[in-house]
Amino acid sequence: MSLKDKRILVGITGGIAAYKIATFIRLLKKQGADVRCMMTPASSDFITPLTVATLSENPVGIDFYNSKTGEWTNHVEWALWADVMIFAPVTANSLAKMAHGFTDNFLLATYLSAKCPVFIAPAMDLDMYAHPTTKNNLAIVEGFGHTIIPAESGFLASGLSGEGRMAEPETLLEVLENHFAKDDRFVGQTILITAGPTYEAIDPVRFIGNHSSGKMGFALAEAAAKKGANVILIFGPTHCKTNHKNIQLLAVQSAEEMLQAVQNNWKNATLGIFAAAVADYRPEMVANQKIKKSAEDLMIQLIKNPDILTWAASTKTSHQRVVGFALETQNGLEYAKDKLIRKQLDAIVLNEMGESGVGFGVDTNAVSLIDKNNNIRSFELQSKVDLAFALLDALFEK
Ligand code: CTP
C-alpha cells in the first residue's frame with residue numbers, strides 16, 4: 001500500500017520549517033503520489049516556488065491572478081482536485097486565519113473550499129505554540145474534523161529549545177500513509193506477530209541462529225498497524241526497525257523467551273501471525289564461561305525447543321485465529337498442508353526457498369496462502385511490504 005496516484009495538495013505557509021517541505025515532496029513523489037503545492041506569498045522567503053514546482057512536477061499556486069498570462073487560478077478547482085490537503089508548516093498567523101475563515105491569499109481560499117480530509121502541521125516558536133490563542137485555534141480547526149500533526153520538541157530557529165518544531169517529513173508521510181491505509185476491518189483488532197530468528201546460546205559469546213532477517217514479520221506488523229490494528233510485535237535479533245505508534249515492540253533472544261512473551265500477550269490477541277524462524281533445537285547446557293578450544297572434537301547436545309505456534313493454536317479461543325509460516329525447500333504444498341493440519345492452524349503461508357527473490361534476507365517474496373478449508377491463493381513475487389498488505393487483505397476477506 002503506498003500513496004501511488006493519490007492526489008496530495010500541499011499548502012506551505014511562511015515559517016522556517018518550509019525548507020523541509022522539499023524533502024516531504026520528494027518522499028511523496030517517490031511513492032508515486034500526484035503532488036500539487038500552494039504557497040502563501042510569505043513562504044517564498046523560505047523556499048522558492050521554483051524548487052517546489054520542480055520537485056512536485058506541477059505548477060505552484062500562489063496568486064489568484066497570473067499577471068503574466070492574464071489567467072485566473074481557480075481555487076475551487078484546486079480544492080476539488082485533492083484527495084487530501086496537508087498544510088505544513090502552518091504558522092500561528094495562517095492557523096488563526098484558517099480557524100476564522102480569512103481568505104486573503106490563494107492558499108487560504110483553497111483551504112476554505114476543501115471537501116477532502118485536511119491535515120495541519122503547525123510550526124512556530126515555543127511561546128507562540130504554547131499561547132492560549134494558538135491552542136484555541138488548534139482546537140477550533142480540530143473541531144472542523146481536521147487532523148493536527150503536533151509540533152515536536154527540539155531546537156528552534158529562535159535559538160530556543162522546546163515544543164514548536166514542525167513534525168519531520170517522514171512523520172508527515174506516515175500520517176498520510178496511515179490515512180490511506182486505514183481499514184475498518186482492522187480497527188479494534190489486536191494482532192500478535194512473531195518475527196526474525198531466535199538465538200540459542202552455547203556460551204556467553206556464541207549461539208545457534210539462522211539467516212532470518214525479520215523483514216517479512218516487520219512488514220506485516222507495519223501493514224497491520226497502518227490499517228488500524230494494535231500490533232504486538234515479538235521479535236528475535238534483527239536489524240529491522242519500526243516506530244509506528246500502534247506497534248508494541250517486545251525484543252527477545254531465544255525461543256524460550258519468545259514463548260514467554262507470546263504467553264504473556266496471547267490472551268489479548270484476536271489474530272496471531274507466527275512469522276519467526278524459531279530455532280527448533282537449543283543446546284542442552286549453556287556454558288557459563290566461553291568454551292576454550294582444547295579437544296579436536298566438540299559435541300554439543302541439542303534439545304527440542306517448545307513450539308510456540310503449536311502452543312498458541314492449542315490454546316486459542318473461538319475469537320482467535322492462528323496463522324503459521326512454512327519455509328520449505330521441497331514438496332512445499334504437501335509439507336505446508338501437513339503443518340496446517342498437525343498444528344491446527346487457521347491458515348499457513350508457504351515460502352518455497354530456491355525460487356529467486358524468495359526467502360531470507362531479500363526484500364521480495366512470493367508465497368502461497370493455504371487456509372483450513374484447503375483454499376490456496378498464490379501471491380506473485382513482490383516487495384515484502386506490498387505482500388504484507390495483500391496477505392492481510394486476504395486474511396480479512398469475508
Ligand atoms: N514455529 C514456532 N516455534 C517453533 C518452531 C516453529 O512458533 N519452535 C513456527 C514458525 O514461526 C512458523 C512455523 O512454526 O510459523 C514453521 O515451523 P517449522 O519449524 O517449519 O515447522 P515444523 O513443524 O517444526 O517442521 P519442520 O520439520 O519443517 O521443521
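Note that ligands are numbered from 1 as they come in the structure, with each ligand's atoms numbered from 1 the same way. Numbers here simply count residues along the sequence, with the first being 1. Values below: every heavy atom of this structure, side chains too, minus hydrogens, waters and symmetry copies.
Heavy-atom contacts from other residues, nucleotides or ligands closer than 6.0 Å to CZ of F64 number more than 12. Heavy-atom neighbours of F102 CZ from other residues, nucleotides or ligands within 6.0 Å: at or below the threshold of 12. The 12-atom threshold is not exceeded at NE2 of H239, counting heavy atoms of other residues, nucleotides or ligands nearer than 6.0 Å.
Between F325 and ligand 1, an N or O atom pair is found at a separation short of 3.5 Å. Residue A277 has no N or O atom closer than 3.5 Å to an N or O atom of ligand 1. The shortest N or O to N or O distance between K343 and ligand 1 is under 3.5 Å. Between A326 and ligand 1, no pair of N/O atoms sits closer than 3.5 Å.
The protein heavy-atom contact nearest to atom 8 (N) of ligand 1 is P306 O, 2.8 Å. Residue, atom and distance of the protein heavy atom nearest to atom 15 (O) of ligand 1 are F274 O, 2.6 Å. Scanning the protein heavy atoms around atom 7 (O) of ligand 1, the nearest turns out to be L309 N, 2.8 Å. Looking at atom 10 (C) of ligand 1, its nearest protein heavy atom turns out to be A276 O, 3.3 Å. For atom 3 (N) of ligand 1, the nearest protein heavy atom (residue, atom name, distance) is I308 N, 3.0 Å.
Remark: the D125 side chain and the S158 side chain contain an N/O donor-acceptor pair separated by less than 3.5 Å. Between T317 and H319, the side chains place a donor N or O and an acceptor N or O closer than 3.5 Å (distance only, hydrogens not considered).
Near G324, the atoms of ligand 1 lying under 4.0 angstrom from a non-hydrogen atom of the residue are 15 (O).
Aromatic rings from F144 and H146 are positioned such that their centres are separated by under 6.0 Å.
Judged by the 6.0 Å and 45° rule, K135 forms a cation-pi pair with Y129.
Of the listed residues (R342, K339, E328), the one carrying the non-hydrogen atom nearest atom 26 (P) of ligand 1 is K339.
Within the 4.0 Å heavy-atom cutoff, A255 does not count among the residues contacting ligand 1. Remark: distances from the non-hydrogen atoms of D280 to ligand 1 include one below 4.0 Å.
Here the rule is side-chain contact (heavy atoms from CB on, under 4.5 Å) with F389, and of Q382, E222, K227 only K227 fits it.
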Apply the test salt bridge (Lys or Arg N to Asp or Glu O under 4.0 Å) to residues K384 and D363: give CA-CA distance (whole Å), side-chain angles for both, the deciding distance (0.1 Å), then the verdict. CA-CA 6 Å; K384 286 182 175 170; D363 289 325; over 6 Å; no

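Of the heavy atoms in T310, none comes closer than 4.0 Å to ligand 1.
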